[in-house]
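The structure appears right after this line, and notes come after that.
Numbering of ligands and ligand atoms starts at 1, following listing order.
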Amino acid sequence: MSVPVVPAGPYDDLGEPEPREECGVFGVWAPGEDVSKFTYYGLYALQHRGQEAAGIAVGNGDQIVVFKDLGLVSQVFDEQSLDALKGHIAIGHNRYTTAGGNSWENAQPMFRMAPDGTDIALGHNGNLVNHWELTMQAARQGLVDPKTHPSDSLVMCALLAADTREGHSAEEAAMELFPKVNGAFCVVFTDGDSLYAVRDPQGVRPLSIGQLEGGGYVVASETAALDIVGATFVRDVEPGELIVVNADGLRSRRFAPEKRSTCVFEYVYLARPDSVIRGQSVNTTRVTIGRKLAKEAPAEGDLVIPVPESGTPAAVGYAQESGIPFAQGLMKNAYVGRTFIEPSQSIRQLGIRLKLNPLREVIEGKSLVVVDDSIVRGNTQRALIKMLRDAGAAEVHVRIASPPVKWPCFYGIDFASPLELIANNVDQNDPVERIREDIGADSLAYVSAESMIEASGQPAESLCCACFDGHYPLGMPADDPNSELVKTMQAQQAQGSPADPNPLRQPEHQAELAGQAQPPRRSGRACASADELDEFTNPNN
Ligand code: SF4
């Protein structure tokens with residue numbers, strides 16, 4: 001296994017962090033093709049799903065070679081490293097981690113050797129709900145040390161490899177492991193011979209299959225990545241399905257019945273607009289949301305301008321429906337992202353300006369309808385509105401293409417802690433008006449949950465909308481500090497209107513609110529109770 005030098009950083013995003021996917025996965029089985037380059041371009045197309053680490057594992061039938069490092073795909077790989085990755089099968093991974101979790105060890109693909117000498121490499125998109133339970137299972141088998149807080153992906157890889165042995169293939173090991181895994185998981189893995197793709201029974205995250213002209217197969221987190229490597233879309237990996245691709249072709253096995261809960265936020269913000277999820281174009285969904293928003297929340301304005309890029313399709317829809325002209329009033333630096341160069345304090349203070357710059361000649365003297373995909377903490381919108389007013393905007397009416405985000409995601413998206421979300425930090429008697437005041441807009445409106453769901457083209461009961469409504473279809477991880485906050489919020493909601501403007505401002509959360517003990521943002525790592533850890537600290541227990 002190649003172990004490249006770990007570079008410095010990365011440093012925090014410039015400006016307010018946006019909600020982030022915690023990974024994109026790609027896999028290819030194509031003898032005779034340059035599989036490492038296919039994977040490179042597949043990961044390049046999925047860069048938006050993870051920008052902190054990238055890796056490729058290539059199998060040639062004898063062994064698997066893994067190359068991974070911190071950084072963007074284009075920073076991690078060059079011609080030389082890709083040329084060294086020769087084989088007929090490859091899997092790739094883009095990772096985003098939260099603070100504290102970004103280390104070379106957590107970059108993927110994960111690698112483990114089975115007792116019979118079989119190499120196993122695995123990449124995972126999503127977050128597991130029973131991460132800790134599986135960690136303890138792996139720890140009891142001596143596969144991981146729980147005190148090092150192994151990631152859920154490493155735990156799955158370790159369990160899979162440990163159960164792969166003479167007469168019990170990786171495929172059989174997977175058929176036994178994945179029914180015990182609870183949470184969001186799109187997994188690609190290889191034993192060096194076959195390519196495997198697995199999707200959780202709820203199908204929370206997308207995963208699709210494509211075919212190459214030469215007959216090889218590709219799996220990718222989004223259909224846009226299939227398009228970009230020249231693969232023809234075959235179908236989605238079904239929830240609860242294990243796909244096997246090898247010299248015998250493509251086979252399907254079911255390890256659990258389907259119980260759909262597709263992430264609605266993939267449609268709203270996370271996925272590329274040129275991807276298709278469950279047969280529905282992401283771009284069409286966003287344009288439709290914009291149209292519905294214009295009907296639900298009309299505004300008097302001279303121009304509709306998007307907050308690029310994710311607000312653009314909804315702004316197009318808003319302009320189409322309202323008849324107000326569409327214009328690009330903000331220019332985005334397309335190359336801004338995670339940076340490995342630490343910004344100076346004076347550069348940091350520029351904040352949002354490093355990402356977005358207003359076009360003064362377009363917006364000066366105009367009443368603007370500004371369309372964005374979501375509001376998380378509100379810092380971006382506050383800075384944006386001030387920037388537009390400074391550039392001469394007469395009025396700024398903000399329209400948001402999703403309902404207020406109030407709840408954390410346990411299934412693979414990193415939002416702020418519920419304590420930091422602006423929708424939880426204003427008077428709950430008239431929250432939208434309070435948020436409007438806070439961000440300094442002339443008017444503010446969110447699209448309704450019903451319209452967002454309708455625009456996705458999927459039945460409401462087959463979607464996860466937990467970050468908007470607090471109903472968690474896969475449950476919550478017992479070891480995540482945000483689970484306790486959510487229970488408090490749910491109890492408040494059940495009692496009706498909270499007495500306190502902030503539903504979290506309960507005595508037990510005073511320390512967090514004072515900033516003394518903010519619950520950590522989830523990083524795909526398990527937390528142990530003292531007793532559980534003690535089991536491994538003291539062998540006599
Ligand atoms: S909580 Fe929100 S972001 Fe997370 S899976 Fe559900 S809809 Fe998607």
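Scored by the side-chain hydrogen bond (donor to acceptor under 3.5 Å, both in side chains) test, D236 finds S208 as partners (sequence neighbours excluded). In this view, E133 satisfies the salt bridge (Lys or Arg N to Asp or Glu O under 4.0 Å) rule with no residue, not counting sequence neighbours.
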Could you pull out all donor-acceptor pairs under 3.5 Å where a side-chain atom in residues 463-473 meets a protein atom, sequence neighbours excluded?
unit_1: D469; atom_1: OD1; unit_2: H471; atom_2: N; d: 2.9
unit_1: Y472; atom_1: OH; unit_2: P408; atom_2: O; d: 2.6

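Residue contact check for ligand 1: E266 places no non-hydrogen atom closer than 4.0 Å to it.
In summary, K259 and E461 do not engage in a salt bridge, as defined by a charged side-chain N under 4.0 Å from a carboxylate O. One finds no salt bridge joining R199 and E241 here, because no Lys/Arg side-chain nitrogen approaches an Asp/Glu carboxylate oxygen to under 4.0 Å.
Residue contacts with ligand 1, taken as heavy atom pairs separated by less than 4.0 Å, do not involve Q202 at all.
Counting only protein N, O or S atoms closer than 2.8 Å to atom 4 (Fe) of ligand 1 gives 1.
Counting only distance, with no hydrogens or angles, the side chain of R49 and the backbone of C23 share a donor-acceptor pair below 3.5 Å. No donor-acceptor pair under 3.5 Å is formed between the side chain of H93 and the backbone N or O of L43.
In terms of protein heavy-atom proximity, atom 5 (S) of ligand 1 is closest to R205 NH2, 3.3 Å.
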